[in-house]
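Here's the structure, in structure tokens; my notes come after.
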Amino acid sequence: MIDEDKLFEAALIIKNSNYIVVFSGAGISTESGIDDFRSPGGLWERYDPNIYASYQYFLQDPSLFWKMHKEVEDLVGTAEPNQSHLTIAELERMGKVKAVITQNIDMLHQKAGSGKNGAKIYQLHGEYGKLHCIKCNMEFKYDEIDTKNVEYPVCECSGYIKPKVILFGESLPHGVLEGAMNECTNADCLIVVGSSLLVSPANFMPSIAKQYGAKLIFINRENTIMDDLADVFLKGSAGEIFTQLLKIIKLNIKV
Ligand code: NAD
């Protein structure tokens, strides 16, 4: 059961804000069928991310990463945005959301329409859809190379080919972190959704926004390690919470 008073409190913050920045994590996409890292029973119980999503392990043996990635490819390739992604795009159309900072590589914000009305999208951990050779840096699209019938794809130069997603131990794409941090300094409201806030440096965003005066709304199924930063913590399913929030804002109920 979502706390109604807190829903109205969050709706009021959104109504009074004109530069909302959204910071999303894997939890926003679980309702689209893509497992997050922490919830029990998913893909990641079979593939420990500390091994299968580690750059160090990738360099030693790329077949580990590719074994896991083939399953992720199937999930991400067919996933559709859910009510959370759609509401964030709607809030952008309403002139509220100015930037989306995401830790996700699934491109569901873009599929939902985010970025079409001027908001900037910062994909801190890269994106699904493009690949590159880690040796010569040549870029590929998925339909240009065979990723299905080989243990792992190799470039003509003999370098390993890897999707342009950031693995644990890898640097973030140049300029993206700086751009995202800058957005947090401009925000009058930061909505943090579906993140355990355990991954650095992505998890710097809430404290930067807070330091620069933004109101913070957290939407998550469980507590996070940074709950004390939140002005409002909405506990529950993000899809349901965003649906309720949008209803309150659109009905223009006196909040
Ligand atoms: P996380 O897995 O550490 O935490 C997800 C959080 O979301 C958890 O606290 C969980 O309780 C919550 N959650 C799950 N489903 C929810 C829902 N429907 N509504 C509300 N809350 C929900 O995720 P993270 O903090 O993003 O860090 C994990 C790393 O994994 C990131 O670096 C990200 O790049 C990567 N990752 C991305 C994807 C993706 O692209 N969809 C999927 C898995 C992992």
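The structure presented is a predicted model; accordingly, all values stated were derived computationally and were not measured. Along the sequence shown, residues carry numbers from 1. Just so you know, ligand 1 is whichever comes first in the structure, and atom 1 is the first atom listed for that ligand.
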[X]: which residues meet the ring pair (Phe, Tyr, Trp, His ring centres under 6.0 Å) condition with it, sequence neighbours left out?
X	result
Phe233	none
His132	none
Tyr142	Tyr128

If we ignore angles and hydrogens, is there a donor and acceptor under 3.5 Å between the side chains of Ser32 and Glu80? no
For ligand 1, list every N/O pair with the protein closer than 3.5 Å, one pair per line with the distance.
residue: ligand 1; atom: 2 (O); partner: Phe37; partner atom: N; Å: 2.8
residue: ligand 1; atom: 2 (O); partner: Arg38; partner atom: N; Å: 3.4
residue: ligand 1; atom: 3 (O); partner: Arg38; partner atom: NE; Å: 2.4
residue: ligand 1; atom: 3 (O); partner: Arg38; partner atom: NH2; Å: 3.3
residue: ligand 1; atom: 3 (O); partner: Ser196; partner atom: OG; Å: 2.6
residue: ligand 1; atom: 4 (O); partner: Ser196; partner atom: N; Å: 3.3
residue: ligand 1; atom: 7 (O); partner: Gly194; partner atom: O; Å: 3.4
residue: ligand 1; atom: 7 (O); partner: Asn220; partner atom: OD1; Å: 3.4
residue: ligand 1; atom: 9 (O); partner: Asn220; partner atom: ND2; Å: 2.8
residue: ligand 1; atom: 9 (O); partner: Glu222; partner atom: OE2; Å: 3.1
residue: ligand 1; atom: 11 (O); partner: Glu222; partner atom: OE2; Å: 3.3
residue: ligand 1; atom: 15 (N); partner: Gly27; partner atom: O; Å: 3.4
residue: ligand 1; atom: 15 (N); partner: Thr30; partner atom: OG1; Å: 2.8
residue: ligand 1; atom: 15 (N); partner: Arg221; partner atom: NH1; Å: 3.3
residue: ligand 1; atom: 18 (N); partner: Thr30; partner atom: OG1; Å: 3.1
residue: ligand 1; atom: 18 (N); partner: Glu31; partner atom: OE2; Å: 2.7
residue: ligand 1; atom: 18 (N); partner: Arg221; partner atom: NH2; Å: 3.3
residue: ligand 1; atom: 19 (N); partner: Ala238; partner atom: N; Å: 2.9
residue: ligand 1; atom: 21 (N); partner: Arg221; partner atom: N; Å: 3.0
residue: ligand 1; atom: 25 (O); partner: Ser195; partner atom: OG; Å: 2.7
residue: ligand 1; atom: 25 (O); partner: Ser196; partner atom: N; Å: 3.1
residue: ligand 1; atom: 25 (O); partner: Ser196; partner atom: OG; Å: 3.4
residue: ligand 1; atom: 26 (O); partner: Ala26; partner atom: N; Å: 2.8
residue: ligand 1; atom: 32 (O); partner: His125; partner atom: ND1; Å: 2.8
residue: ligand 1; atom: 34 (O); partner: Gln103; partner atom: O; Å: 2.4
residue: ligand 1; atom: 34 (O); partner: His125; partner atom: ND1; Å: 2.9
residue: ligand 1; atom: 40 (O); partner: Ile105; partner atom: N; Å: 2.9
residue: ligand 1; atom: 41 (N); partner: Asp106; partner atom: OD2; Å: 2.8

If you count every heavy atom of other residues, nucleotides or ligands that lies below 6.0 Å from Lys148 atom NZ, does the total exceed 12? yes
Glu90 with Arg93: basic N within carboxylate O range, under 4.0 Å: yes
